[in-house]
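One structure below.
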Amino acid sequence: MGDAVLLDRPDPEAGEAAWDGYLHLRDNPAGVTRDLWHHEAGCGAWLVVTRNTVTHAVEGAELAEAAAREGQA
Amino acid sequence: MRFSALKILREGLSGNRGWTPHWRDPAPKAEYDAVIIGGGGHGLSTAYYLAKNHGMTNIAVLEKGYLGGGNVGRNTTIVRANYFLPGNSEFYSHSLKLWEGLEEDLNYNVMHSQRGLINLFHSDGQRDAFARRGNAMINQGDDAVLLDREGVRRMLPYLDFEQGRFPIHGGLYHPRGGTARHDAVAWGYARGADSRGVDLIQNCEVTGIDIEGGRVTGVQTSRGPIRAKKVGIVVAGRSGQVAAMAGMRLPIESHVLQAFVTEGLKPVIDHVVSFGMGHFYISQSDKGGLVFGGDLDFYASYAQRGNLPMVEHVMEAGMTLMPMIGKAKVLRSWGGIMDMTPDGSPIIDRTGVEGLYLDAGWCYGGFKAVPASGWCMAHLMATDRPHEAAAGFRLDRFRDGYGLMDEEGTGAQHNLH
Ligand SMILES: Cc1cc2nc3c(=O)[nH]c(=O)nc-3n(C[C@H](O)[C@H](O)[C@H](O)COP(=O)(O)OP(=O)(O)OC[C@H]3O[C@@H](n4cnc5c(N)ncnc54)[C@H](O)[C@@H]3O)c2cc1C
C-alpha cells in the first residue's frame, strides 16, 4: 500500500510543506525500500516489508504496529 | 533521405544498397542551448518540436542506453482521446490531431492505425457514466458512439456476452482510437530531430545536474560534463532519481506494468477492446500477435518485470471475455517502469530551479501523449510559459489541491492509479 513513510504522520499543525511531503512526495528509491503491505486475504495484519525495488528480493518483514512503536520511541 | 513509394521501388530493384543510417552518432559538444535528458518518446518529440517549432537546433538529447529502449518500445501502443476531465481532454485531443498528421510531418511510417477502440460496460450505472464520458468527448470535438449490446455484438461477435460476472451491456466506441508502431514513433522523431541538427547522444547517462545561484548551468554525464542554458528532465520511470540530482522530491512512485504477446495469428481482433472491469485490454498487431495487458502489479519497482499473480489475473480476465483466445500461445511477456502520480495525470512544468523543466508522471498512458507532450514541453522550454493545452499539468497541484485531476474518480492518493 505504498511507502512506509505513511507511518510517520506529521503533527496536524506541522504546516503545508510537511503534509505535502507526507501525502504526495516520495523518495522513490531504486534499491532497498520499506513499504506497507496489507495481508488482505489472510489475517488482516499490516506489515512493513523491507524490499529491493530492483531485484524484488524481500529482505525482511515486521508488523506495522511494532514498527510504528519503534519509530516513536 | 526522403522515403517515398518510388524510393522503395528503386531500392527494391537495386538490392537495397542505397539506404543510409537514419541519424548521426555525434560526440557530445561542450555546450548546448538546451539539453533533454532521456531519449524515449517524450524526449525525442520534445527535441523535434524545439527544432521545428521554435528554431532551437543547438540542442542535444542525452540517453543513457539506446534510443527507444525504454517504455516507448515496451508499451501496448494504444492511441486514443477519450478522456473526460478538462485539463486532460483538450491535451489528448491535441495529441490525437498531431498523430493524424504525424506520418506526413515526419515522412515516416509509424503505422498509425485508427481501427477504433471499444470500452465495454456491464451495468446501468456504468452505461450512464460512459454516456457522460462520450458527451464530454464529443464536446471536446472528438468522436464517440454509445453502442448497445447488439451494437457491440455486430462488431465483436466473439465476446462471451452471457458470462455471469460481467455480462456485456454495451460499449463506448471511439472510432478514431487505435494503435501505432511504438519504435517507429521513436525512430521517426529521432530522425526528424537529427535532420534538423539536434545531437542525439546515446550511451550517455546523466549523473548530476549543475545548479548555480538557483539557475541550471549544465549536467554531469558518463561522457563528461555538458554545459546547457536549459535542461529538460524527460525520463519517465526514472524521474524521481534524476530530479533528486537537482535536490527535488517528486509526487511520483515508480511501478511495474506488464504486457503480453502471443504467436502470430490470422486477423481475428479488428479493434482495440478494453474490458475495464476485468482489468484487461487487447488488440492484434499487424504481424498477427495478440497484444494484451492489464493493471499495475501495484508495488514500487524498477525491475522491468512483474510477478505471476498479475499474469494469472490478466489471463483469467482474457479468458472470461473472449474464450476463443484460449488456444493462442503466449510468446513473451515483459514489464516497464511507470512514473505514477497520485492523481494519475502527468506533469509538464517549470521547477524551483530556473532553466530546469520537468515532463513526467505519464503513468500507463504516455505513449499516445508522445506528440502533444513534446509539443507542449518544447513550448515551455522555449518560451518559459506553459502551452495552453498542458496548462493544467502543474507540479504544485498536489500541494495546494487546486487543479487536481481525478480522471478515474479515485482521489489523489498513491497506489490507487
Ligand atoms: C507494458 C506497458 C504498456 C503500455 N501501454 C500503453 C498504451 O497502450 N498506450 C499508451 O498511451 N501508453 C502506454 N504505456 C505507457 C507509455 O509507454 C509511457 O508512458 C511512455 O512511453 C513514457 O514516456 P517515454 O517514451 O519518454 O519513456 P521511456 O521510453 O522510458 O524514456 C525515458 C528514457 O530516459 C532514459 N533515462 C533514464 N534515466 C536517464 C539518465 N540518468 N540519463 C540519461 N537518460 C536516462 C531511459 O533510458 C529511457 O530511454 C505502456 C507502458 C508499459 C510499460
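- With a 4.5 Å cut-off on non-hydrogen atoms, B:Glu253 touches chain A through its backbone and its side chain both.
- Contacts of residues 394-417 of chain B with chain A at a heavy-atom distance below 4.5 Å involve B:Phe398, B:Arg399, B:Ala412, B:His414, B:Asn415, listed in sequence order.
- Proximity to chain B is absent for every atom of A:Trp19, based on heavy atoms less than 4.5 angstrom apart.
- Defined by atom type and a distance below 3.5 Å, a donor-acceptor pair is present between the side-chain atoms of B:Ser345 and B:Asn88.
- When each of B:Thr341, B:Asn307, B:Leu250, B:Ile337 is scored by its heavy-atom pairs under 4.5 Å with chain A, the top score falls to B:Leu250.
- With a 4.5 angstrom heavy-atom cutoff, A:Asn52 does not touch chain B via any of its atoms.
- Considering only heavy atoms from C-beta on, B:Met315 comes within 4.5 Å of B:Phe292 through its side chain.
- No side-chain N or O of A:Thr33 forms a donor-acceptor pair with one of A:Asp3 less than 3.5 Å apart.
- When the heavy atoms of residues 293-304 of chain B are compared with those of chain A, the residues falling under 4.5 Å are B:Tyr299, B:Ala300, B:Ser301, B:Tyr302, B:Ala303, listed by number.
- The shortest side-chain heavy-atom distance between B:Val314 and B:Met310 falls under the 4.5 Å cut-off.
- When side chains are defined from C-beta on, B:Val330 does not count as touching B:Arg332, because their heavy atoms never get closer than 4.5 Å.
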Check the pair A:Glu62 / A:Arg34 against salt bridge (charged side-chain N to carboxylate O under 4.0 Å, His left out), numbers first and verdict last. CA-CA 11 Å; A:Glu62 59 180 325; A:Arg34 278 158 43 91; 3.7 Å; yes
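- Of all the listed residues (A:Asn28, A:Asp27, A:Asp20), the one sharing the greatest number of non-hydrogen pairs under 4.5 Å with chain B is A:Asn28.
- Shortest non-hydrogen contact noted between B:Tyr66 and B:Gln202 is CA-OE1, 3.2 Å.
- Here the SG atom belonging to B:Cys376 is positioned 5.0 Å from the CD1 atom belonging to B:Ile348, to the nearest 0.5 angstrom.
- Side-chain contact check for B:Ile226 versus B:Leu62: some heavy-atom pair is nearer than 4.5 Å.
- Summarising the geometry, atom OH belonging to B:Tyr357 is positioned 12.5 Å from atom OG1 belonging to B:Thr46; distances are rounded to the nearest 0.5 Å.
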Before giving the answer on side chain to side chain donor-acceptor pair (under 3.5 Å), spell out for B:Asp359 and B:Ser373 the whole-Å C-alpha distance, their side-chain angles and the decisive distance to 0.1 Å. CA-CA 8 Å; B:Asp359 177 306; B:Ser373 165; 2.6 Å; yes
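- Within 6.0 Å of CZ in B:Arg305 there are more than 12 heavy atoms belonging to other residues, nucleotides or ligands.
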